[in-house]
*Asks:* 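Before anything else, here's the structure in question.
Owing to the predicted nature of the structure, the values given are computational and were not obtained by experimental measurement. Side chains included, hydrogens not; waters and symmetry mates left out as well; all remaining heavy atoms used.
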Amino acid sequence: MTTESCLLNPNRNPHLDRAAIEQYLRDYLGVRHILWLGDGILGDDTDGHVDDIARFVSPDTVVTAVEDDPQDANYQPLQDNLRRLQSMTDQEGRPLNVVTLPMPGPVFHEDHRLPASYANFYIANRRVLAPVYGHRNDQTALETLQRLFPERLVLGIDCTDLAWGLGAIHCVTQQQPAV
């Protein structure tokens, strides 16, 4: 699963079209079926990395961020992604089970909207570390994730300051390149 706004962005792969990118993903990741979402969320400096908007939580289940406020800039792109996911299938051709996850309210640093999302969680052995932002949707997001991970304890961690660094828990737990 990826986004058009990220992998089809001319600043990333100007010499590759969609078919060539899909072939690279098949060759290097061993997947057969590529799921394309549209745009990421406002403020994301990665051109729309998927980890801020949708995540597999099992082989057939995807949790996806949705914005409830039609006036919010994230509303339309996230609704588009939701519609796409609802028409997609897993690697075996079966319809995906799509679960929605609310968005927190807008988080700003000065005049810059930050990419705050509950989808940027980290799955550990017996825990799920989930970002929270002091918003009324924090509890709903934690409860949704707890239902999706019944064998793990879901813990909320205030990620307001991490969002200022343009990421959250999943972003800061990624691999580090060799020196």
Side-chain angles (χ1 to χ4, degrees), residues 1-9 11-12 34-58 60-90 95-123 128-149 152 154-174:
M1 183 167 48
T2 189
T3 64
E4 294 167 343
S5 62
C6 182
L7 290 190
L8 297 179
N9 193 315
N11 71 355
R12 290 186 182 265
I34 313 300
L35 305 178
W36 289 93
L37 299 180
D39 291 325
I41 58 175
L42 199 64
D44 182 2
D45 65 328
T46 67
D47 303 317
H49 275 186
V50 75
D51 63 345
D52 268 338
I53 55 175
R55 305 276 304 278
F56 272 94
V57 295
S58 75
D60 67 346
T61 302
V62 173
V63 62
T64 189
V66 293
E67 173 56 58
D68 293 331
D69 180 2
Q71 303 305 310
D72 190 282
N74 286 321
Y75 180 82
Q76 285 297 6
L78 295 179
Q79 288 296 312
D80 175 58
N81 289 332
L82 175 61
R83 281 189 294 278
R84 289 180 188 213
L85 284 166
Q86 290 171 332
S87 68
M88 292 178 178
T89 62
D90 66 12
L96 291 173
N97 176 26
V98 181
V99 177
T100 60
L101 191 63
M103 286 289 285
V107 176
F108 288 90
H109 174 70
E110 296 174 357
D111 291 334
H112 183 73
R113 177 131 179 212
L114 303 178
S117 168
Y118 299 118
N120 204 278
F121 54 86
Y122 174 72
I123 305 166
V128 173
L129 305 180
V132 294
Y133 302 95
H135 186 269
R136 62 180 166 77
N137 284 343
D138 288 358
Q139 190 60 38
T140 301
L142 293 174
E143 290 169 0
T144 300
L145 292 172
Q146 188 63 71
R147 281 192 307 275
L148 293 169
F149 295 101
R152 293 179 168 91
V154 175
L155 300 170
I157 298 175
D158 187 337
C159 286
T160 306
D161 289 339
L162 278 177
W164 181 48
L166 303 179
I169 299 167
H170 186 259
C171 294
V172 299
T173 58
Q174 294 303 294

*Asks:* With side-chain contact (heavy atoms from CB on, under 4.5 Å) as the criterion, how do Asp69 and Met103 come out once you've worked through the C-alpha distance, each side chain's angles and the decisive distance to 0.1 Å?
*Replies:* CA-CA 10 Å; Asp69 180 2; Met103 286 289 285; over 6 Å; no
*Asks:* Determine yes or no for a side-chain-to-main-chain donor-acceptor pair under 3.5 angstrom, with Arg55 supplying the side chain and Ala119 the backbone.
*Replies:*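 Present.
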*Asks:* Do Met1 and Leu85 touch side chain to side chain, with heavy atoms closer than 4.5 Å?
*Replies:*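 Met1 reaches Leu85 side chain to side chain.
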*Asks:* How long is the span from the OG atom in Ser117 to the CG atom in Asp44, to the nearest 0.5 Å?
*Replies:*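 Ser117 OG to Asp44 CG: 9.5 Å, rounded to 0.5 Å.
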*Asks:* Can you check whether Arg152 reaches Val154 side chain to side chain, under 4.5 Å on heavy atoms?
*Replies:*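 Not in contact.
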*Asks:* Show, in sequence, the C-alpha distance, side-chain angles and deciding distance for Leu148 and Val128, and conclude whether the side-chain contact (heavy atoms from CB on, under 4.5 Å) test is met.
*Replies:* CA-CA 10 Å; Leu148 293 169; Val128 173; over 6 Å; no
*Asks:* Check salt bridge (Lys or Arg N to Asp or Glu O under 4.0 Å) between Arg12 and all other residues, then give those that pass, not counting sequence neighbours.
*Replies:*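 Partners of Arg12 by the salt bridge (Lys or Arg N to Asp or Glu O under 4.0 Å) criterion, ordered by chain and then number, come out as Asp47.
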*Asks:* Between Phe121 and Phe149, what is the ring plane arrangement, given parallel below 30°, perpendicular above 60°, and tilted in between?
*Replies:*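 Geometry flag for Phe149 against Phe121: perpendicular rings.
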*Asks:* Checking side-chain contact (heavy atoms from CB on, under 4.5 Å) between Val66 and each of Ile53, Thr100, Leu101, which is the one that passes?
*Replies:*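 Result for side-chain contact (heavy atoms from CB on, under 4.5 Å) with Val66: Thr100.
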*Asks:* Between the main-chain N or O of Asp51 and the side-chain N or O of His49, is there a donor-acceptor pair closer than 3.5 Å?
*Replies:*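 No; judged by distance alone, with no hydrogens or angles, the pair does not exist.
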*Asks:* To the closest 0.5 Å, what do you measure between CG (Asn120) and CG (Asp52)?
*Replies:*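 Reported to 0.5 Å precision, the distance equals 4.5 Å.
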*Asks:* Look at the side chain of Glu67 and the backbone N and O of Gly105, then say whether any donor-acceptor pair between them is shorter than 3.5 Å.
*Replies:*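 Checked: no pair found.
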*Asks:* Let me confirm one number: the CZ-OG1 distance from Phe56 to Thr64, rounded to the nearest 0.5 Å.
*Replies:*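 Between atom CZ of Phe56 and atom OG1 of Thr64 there are 11.0 Å.
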*Asks:* Under the salt bridge (Lys or Arg N to Asp or Glu O under 4.0 Å) rule, collect the residues that match up with Asp72, sequence neighbours excluded.
*Replies:*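 With neighbours one apart ignored, the set is Arg113.
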*Asks:* My understanding is that only one of Gln139, Gln146, Arg147 makes a side-chain hydrogen bond (donor to acceptor under 3.5 Å, both in side chains) with Glu143; could you say which?
*Replies:*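 It is Gln139, the one option of Gln139, Gln146, Arg147 that forms the side-chain hydrogen bond (donor to acceptor under 3.5 Å, both in side chains) with Glu143.
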*Asks:* Between Tyr122 and Pro131 (side chain of the first, backbone of the second, donor and acceptor by atom type, cut-off under 3.5 Å), is there such a pair?
*Replies:*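 Absent.
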*Asks:* When you look at Leu114 and Tyr133, which way does the side-chain contact (heavy atoms from CB on, under 4.5 Å) test go after all the steps?
*Replies:* CA-CA 11 Å; Leu114 303 178; Tyr133 302 95; over 6 Å; no
*Asks:* To the nearest 0.5 Å, what is the distance between SG (Cys6) and CG (Leu37)?
*Replies:*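 Between atom SG of Cys6 and atom CG of Leu37 there are 11.5 Å.
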*Asks:* Please report the shortest heavy-atom distance between Pro102 and Asn137, naming the atom on each side.
*Replies:*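 Scanning both residues, the minimum pair turns out to be CB-ND2, 3.8 Å.
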*Asks:* Which pairs, with at least one residue in residues 73-82 and sequence neighbours excluded, count as a side-chain hydrogen bond (donor to acceptor under 3.5 Å, both in side chains)?
*Replies:*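 Every pair satisfying side-chain hydrogen bond (donor to acceptor under 3.5 Å, both in side chains) with a residue in residues 73-82: Asp80-Arg84.
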*Asks:* Has the side chain of Tyr118 got a donor or acceptor atom that lies under 3.5 Å from a matching backbone atom of Asp138?
*Replies:*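 Pair found, side chain donor or acceptor close to backbone of Asp138.
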*Asks:* Asp39: which residues meet the side-chain hydrogen bond (donor to acceptor under 3.5 Å, both in side chains) condition with it, sequence neighbours left out?
*Replies:*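 Asp39 satisfies side-chain hydrogen bond (donor to acceptor under 3.5 Å, both in side chains) with no other residue.
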*Asks:* Distance check, rounded to the nearest 0.5 Å: Thr160 atom OG1 versus His135 atom NE2?
*Replies:*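 If we round to the nearest 0.5 Å, Thr160:OG1 and His135:NE2 are 11.0 Å apart.
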*Asks:* Partners of Ser58 by side chain to side chain contact (heavy atoms under 4.5 Å, CB included), sequence neighbours excluded?
*Replies:*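 So Ser58 forms a side chain to side chain contact (heavy atoms under 4.5 Å, CB included) with Asp60, Thr61.
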*Asks:* For a quick test of reading the model, state the closest non-hydrogen atom pair linking Pro77 to Gly40 and the distance between them.
*Replies:*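 Nearest pair, atom of Pro77 first, then Gly40: CB-O, 4.2 Å.
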*Asks:* In chain order, what residues pass the side-chain hydrogen bond (donor to acceptor under 3.5 Å, both in side chains) check against Asp90, with sequence neighbours excluded?
*Replies:*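 For Asp90, the residues satisfying side-chain hydrogen bond (donor to acceptor under 3.5 Å, both in side chains) (neighbours in sequence not counted) are Arg94.
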*Asks:* Compare every heavy atom of Ala116 with every heavy atom of Val107, then report the nearest pair and how far apart it is.
*Replies:*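 Result for this residue pair: CG2-CB, 3.6 Å.
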*Asks:* Using the rule given for side-chain contact (heavy atoms from CB on, under 4.5 Å), can you reason through Trp36 versus Thr3, listing the C-alpha separation, both sets of side-chain angles and the distance that settles it, and then say yes or no?
*Replies:* CA-CA 5 Å; Trp36 289 93; Thr3 64; over 6 Å; no
